[in-house]
Amino acid sequence: MEQFDVLIVGAGHAGAQAAVALRQLNFPGSVALLTDEADWPYERPPLSKDYLAGDKSFETILLRPTEFWTSRAITLLRGLRVDLIDPVLRTVGTSGGLTIGYGVLIWAAGGAARRLSCTGHHLGGVHTIRTRADVDVLRGELASTRRVAVIGGGYIGLEAAAALSKLGCSVSVIEMQDRVLARVAGEPLSRFYEAEHRAHGVEILLQTAVDCIEERDGRACGVRLGDGSVLAADMVVVGIGIVPSVQPLLDAGAAGGNGVDVDEFCRTSLDSIYAIGDCAAHINRFAEGRRIRLESVQNAADQAGVAAKSIAGTPIVYDSVPWFWSNQYDLKLQTIGLSLGYDEVVVRGDVAARSFSVVYLREGRVIALDCVNATRDYVQGKALVASGALVAPALLGDAGRALKSLV
Ligand SMILES: Cc1cc2nc3c(=O)[nH]c(=O)nc-3n(C[C@H](O)[C@H](O)[C@H](O)COP(=O)(O)OP(=O)(O)OC[C@H]3O[C@@H](n4cnc5c(N)ncnc54)[C@H](O)[C@@H]3O)c2cc1C
């Protein structure tokens, strides 16, 4: 039986960074990075952006050159899926019947794209975007695709809509709520992005439910909407969130539900098992102290650092200001903080000139900013969010006043 001092399950942003961080901390033990994907660790954000649009090759989105992993004595085990964890014997069981022992286990398995459950969800031409393989299959069908229906007006759905319309497809976005990005952003940002997409020829259907996927010859040919009408489509892209990949951990007795619960050191309730990244449900002071999962590269990397430091014997607690970005067309959105529970919104800058920020306040304190083509606000706003600054809305709304002067 193979045995590693640290076994990391999942080689996405969190798992790969944990391995890197352990070596940067001069951790002397054996480290293995195990993934069910066939590829070397790669960046996920380009999958709905430049990689989908064909502007970046796969080689340019690798997290590290392939030789990096051997040069750092990190064993990469690809194409293996962990289905079973024995926290007493400290072993995992993988697809193919392999048993691997661990001293410490880092669970960094992320999540799987949530799929539709309606009739037709399994048809050819229905896609999700989570892995490189997903995008390669999708891109392989583009030559015979004219009309695309994107289900879900969140970041991934909107980024895919932007990339696919740029490639010449006629795109419709179907969103159940009354605005896009409703789960993550305030109304001014939603309305701005709706207008931008429409200006690029993308149809945005709001308050629109999906009844089923229509079939012709085993493939999707349209989406039947809640009102009975059918939106013709050669391809359907589903962007309705993820389901955290934690079942083996929960089966082994770890506390959790929506993800696996971790403490401020990213430790699960099971001895010597950490969880990091999209799958880790942690208490976050930027979310009013609620237990949440964050789906961002920042969170994956920062939690990886926290777990690695704890394992290397120099523990720190996780207390990062959340940040995120999204690229659509020539718009660079950068967000800082979490806008959960805001009670006031201030827009600063020039929406018409496509350079502005939306500032979110709760009880007078700045809790988050969404900055569109406004990197200075993003950089300077971080201190306001980190300190929960009390700032008069009129001052925040004055774009001539630098945010750093308000800290
Ligand atoms: C299309 C897309 C665009 C995005 N854009 C942005 C963006 O612009 N900015 C941003 O901050 N974030 C973005 N994100 C989110 C970001 O990519 C994730 O938050 C990040 O990848 C999380 O890293 P992770 O390591 O926790 O999970 P993942 O990256 O999902 O990695 C988990 C890995 O574990 C593997 N795995 C799962 N279960 C098992 C198992 N049982 N055994 C073995 N291996 C397993 C998975 O296949 C996967 O390879 C985007 C995500 C997607 C999908």
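Atom set for the values below is all heavy atoms of this structure, side chains included, hydrogens, waters and symmetry mates excluded. Numbering of ligands and ligand atoms starts at 1, following listing order. If you're wondering where the values come from, they're calculated on a predicted model, not measured in any experiment.
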Flag [X] as yes when one of its N or O atoms lies below 3.5 Å from any N or O atom of ligand 1, and as no otherwise.
| X | result |
| --- | --- |
| Trp323 | no |
| Trp325 | yes |
| Asp36 | yes |
| Val82 | yes |
| Cys279 | no |
| Ser326 | no |
| Phe324 | no |
| Gln298 | no |

Atoms of ligand 1, numbered as shown, that sit under 4.0 Å from any heavy atom of [X]:
| X | answer |
| --- | --- |
| Gly277 | 26 (O) |
| Ser296 | 11 (O), 12 (N), 19 (O) |
| Ile129 | 1 (C), 53 (C) |
| Leu34 | 43 (C) |
| Ala108 | 32 (C), 33 (C), 34 (O) |
| Ser48 | 1 (C), 2 (C), 3 (C) |

Problem - His13 contact mode with ligand 1 (heavy-atom cut-off under 4.0 Å) - result: both
Exercise for the section: Would you mind telling me if ligand 1 is within reach of the side chain of Ala300, the backbone, both or neither, using heavy atoms under 4.0 Å? Expected result: side chain
Can [X] and [Y] be counted as an ion pair, charged N to O under 4.0 angstrom?
| X | Y | answer |
| --- | --- | --- |
| Arg362 | Asp343 | no |
| Asp86 | Arg90 | no |
| Glu264 | Lys309 | no |
| Asp83 | Arg81 | yes |
| Arg219 | Asp234 | no |
| Glu363 | Arg365 | no |

Considering only distance and modelled atom types, tabulate donor-acceptor pairs under 3.5 Å from the side chains of residues 240-256, sequence neighbours left out.
unit_1, atom_1, unit_2, atom_2, d
Gln247, NE2, Asp251, OD1, 2.9

Exercise for the section: Report the relative orientation of the aromatic rings in His200 and Tyr329; use parallel for angles under 30°, tilted for 30 to 60°, perpendicular for over 60°. Expected result: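 Ring orientation, 0 to 90° scale: parallel.
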Pick, from [options], the option with the minimum heavy-atom distance to [atom].
| atom | options | value |
| --- | --- | --- |
| atom 43 (C) of ligand 1 | Asn299, Leu80, Val297, Val92 | Leu80 |
| atom 5 (N) of ligand 1 | Lys49, Arg44, Glu159 | Lys49 |
| atom 27 (O) of ligand 1 | Gly110, Ala275, Pro45 | Gly110 |
| atom 30 (O) of ligand 1 | Arg130, Gln17, Gln334 | Arg130 |

Handout entry: Between Phe265 and Tyr274, ring centroids under 6.0 Å
Key =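 Between Phe265 and Tyr274, the centre distance exceeds or equals 6.0 Å.
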Exercise for the section: Specify the closest pair of heavy atoms between Phe4 and Val31, including all atoms of both residues, with the distance to one decimal. Expected result: CD2-C, 4.3 Å
Problem - Sub-4.0 Å heavy-atom contact, Thr131 with ligand 1 - result: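 Under 4.0 Å: no for Thr131.
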Practice task
Test the Arg348-Phe356 pair against the cation-pi criterion, namely NZ or CZ under 6.0 angstrom from the six-membered ring centroid and within 45° of the ring axis.
Solution key: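 Cation-pi check for Arg348 and Phe356: fails.
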